[in-house]
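Beneath this line is the structure, given in structure tokens, with notes to follow.
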Amino acid sequence: MRLALLALLHGGLYGGCAARRIDALERENLQLRIELQQAQAQLSEAQPATPSSARPTPPDEEAAAAALAEARRLDDALRFEEARAAYTLVRDTWPESRSAATAVRRLKEMEVMGQPAPPLVVDRWLQGEAPVSTPVQVLLFWEEWCPHCRNGLPEMSARAAVWAAKGVQVIGLTRLSKQSTEERVASFYAEHRIAFPTALISNDVSAAYAVTAIPAAAVVRDGVVIWRGHPARLTEGLLERLVEKR
């Protein structure tokens, strides 16, 4: 009897100790997992973000980029109808891709191409005056505060001098937004010896030429917009091909 009671007490004592020990181990394991998660989070915050160039490109982005490259190739070859179709394919097939955003912008620019040139209504001429009618005009939309405009305008001025001998007139168009003033434009023009006429325009003129970002350029031949795009792309070779294309 006493042996049975001792055995029962012994089993109960050690059984209770084992249960408490298991509970303690489970709590320790839970605490360790929590501490590990916290350490991983801190390590993730401390590490610099992986550069976008080093991140793997999703398959859809690769396909969209390849299609966009083909659209640009057609665009540069002045095969504009085929280029429109290619840009539309990028926009509709991969709407969430970075390439789609570029395609949308280019399609917006191309909307005015092949259309009669919107009237060039100016508020006043900041430099020069309304130029005589020429077969080809290059309209340059820019703002004095825009760093890309300021960097590219002197080169465009040099091109304008060469193009003038070929019957191409460059006209600067600005809205004097933000901190720009007529005095600042005059000072910039004097510093860089920019001679082409420049007019102050309204937002309506910019909108009519689908200008949503600056700098921007439009080429008008015989009253029709034959090209819209970024002026950096408007090389002498491209202009010659545009003028010759019928």
Side-chain angles (χ1 to χ4, degrees), residues 71-72 74-81 83-84 87 102-144 146 148-164 166-177 185 194-246:
R72 283 172 166 165
L74 295 168
D75 203 347
D76 291 339
L78 309 189
R79 295 162 60 178
F80 295 133
E81 290 305 316
R84 283 190 181 94
Y87 285 124
T102 301
V104 168
R105 287 194 298 271
R106 184 61 184 141
L107 285 168
K108 182 66 176 178
E109 293 173 347
M110 297 181 82
E111 286 180 1
V112 299
M113 292 170 52
Q115 302 299 319
L120 189 58
V121 180
V122 305
D123 293 345
R124 60 182 177 278
W125 291 93
L126 303 180
Q127 175 169 285
E129 56 186 17
V132 296
S133 178
T134 57
V136 181
Q137 294 178 327
V138 174
L139 308 181
L140 182 62
F141 297 83
W142 76 290
E143 300 284 348
E144 183 272 332
C146 167
H148 297 294
C149 301
R150 294 176 64 89
N151 291 336
L153 217 62
E155 181 179 353
M156 182 61 72
S157 180
R159 293 179 190 174
V162 175
W163 293 345
K166 302 178 181 180
V168 177
Q169 174 70 62
V170 175
I171 302 173
L173 302 171
T174 187
R175 295 183 298 115
L176 292 183
S177 60
V185 171
I194 295 172
F196 54 74
T198 296
L200 177 64
I201 60 172
S202 68
N203 292 338
D204 292 340
V205 176
S206 296
Y209 281 88
V211 175
T212 57
I214 51 173
V219 179
V220 177
R221 181 186 62 200
D222 299 328
V224 175
V225 180
I226 60 173
W227 187 82
R228 254 287 285 120
H230 195 287
R233 296 182 57 216
L234 191 58
T235 62
E236 184 172 354
L238 176 60
L239 183 62
E240 288 179 354
R241 288 189 293 132
L242 283 169
V243 173
E244 292 172 357
K245 180 179 172 64
R246 293 291 178 179

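Just so you know, these numbers use all the heavy atoms, side chains as well, and skip hydrogens, waters and symmetry mates. Here, residue 1 is the first one in the sequence, and each next residue gets the next number.
At a threshold of 4.5 Å between non-hydrogen side-chain atoms, the residues Cys149 and Glu144 do not count as touching. Between Val168 and Leu239 there is a side-chain heavy-atom pair separated by less than 4.5 Å. Between Leu173 and Leu120, the closest side-chain pair of non-hydrogen atoms falls below 4.5 Å. Between Ser157 and Val170, every side-chain heavy-atom pair lies at or beyond the 4.5 Å cut-off. Proximity of Ile201 to Phe141: side-chain heavy atoms (C-beta onward) are separated by under 4.5 Å at one or more points. Side-chain contact check for Lys166 versus Val243: every heavy-atom pair is 4.5 Å or farther apart. Taking 4.5 Å as the limit, every side-chain heavy atom of Val225 sits out of range of all side-chain heavy atoms of Leu139. With a 4.5 Å cut-off on side-chain heavy atoms, Leu78 and Leu238 count as touching.
Considering only residues two or more places apart in sequence or on other chains, Glu143 meets the side-chain contact (heavy atoms from CB on, under 4.5 Å) condition with Trp145, Cys146, Thr174, Arg175, Ser177, Ile214. By the salt bridge (charged side-chain N to carboxylate O under 4.0 Å, His left out) test, Arg159 pairs with Glu155, sequence neighbours left out. Every residue meeting the side-chain contact (heavy atoms from CB on, under 4.5 Å) condition with Pro135, not counting sequence neighbours, appears here in chain and number order: Asp222. With sequence neighbours left out, the salt bridge (charged side-chain N to carboxylate O under 4.0 Å, His left out) criterion links Glu81 to Arg84. When the salt bridge (charged side-chain N to carboxylate O under 4.0 Å, His left out) test is applied to Arg241, no partner is found at least two apart in sequence or on another chain. Not counting sequence neighbours, the partners of Lys108 by the salt bridge (charged side-chain N to carboxylate O under 4.0 Å, His left out) test are Glu111. Applying the side-chain contact (heavy atoms from CB on, under 4.5 Å) criterion to Arg79, with sequence neighbours excluded, gives Arg73, Leu74, Ala77, Glu82. Residues meeting the side-chain contact (heavy atoms from CB on, under 4.5 Å) test with Thr212, sequence neighbours left out: none. Considering only residues two or more places apart in sequence or on other chains, Trp227 meets the ring pair (Phe, Tyr, Trp, His ring centres under 6.0 Å) condition with none of them. Applying the ring pair (Phe, Tyr, Trp, His ring centres under 6.0 Å) criterion to Tyr87, with sequence neighbours excluded, gives no partner residue. By the side-chain hydrogen bond (donor to acceptor under 3.5 Å, both in side chains) test, Gln169 is found to be paired with no residue, residues two or more places apart in sequence or in another chain being considered.
Residue pairs meeting the side chain to side chain donor-acceptor pair (under 3.5 Å) criterion with at least one partner in residues 115-128, sequence neighbours excluded, are Arg124-Glu182.
Counting all heavy atoms, side chain and backbone alike, Arg228 lies closest to Ala218 at CD-CB, 3.7 Å. In plain terms, the two heavy atoms of Val121 and Val205 that are nearest each other are O-CG2, 3.3 Å. Across Met113 and Ile226, no two heavy atoms sit closer than the pair CE-O, 3.8 Å.
Remark: side-chain polar atoms of Tyr209 are paired, donor with acceptor, to backbone N or O of Pro118 under 3.5 angstrom.
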Could you go through Val136 and Trp163, starting from their C-alpha distance and side-chain angles, then the distance that decides it, and tell me whether this counts as side-chain contact (heavy atoms from CB on, under 4.5 Å)? CA-CA 10 Å; Val136 181; Trp163 293 345; over 6 Å; no
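Within a 6.0 Å radius of NE2 in His148, no more than 12 heavy atoms belonging to other residues, nucleotides or ligands are found.
Atom NE2 of His230 and atom CZ of Arg106 lie 11.5 Å apart (nearest 0.5 Å).
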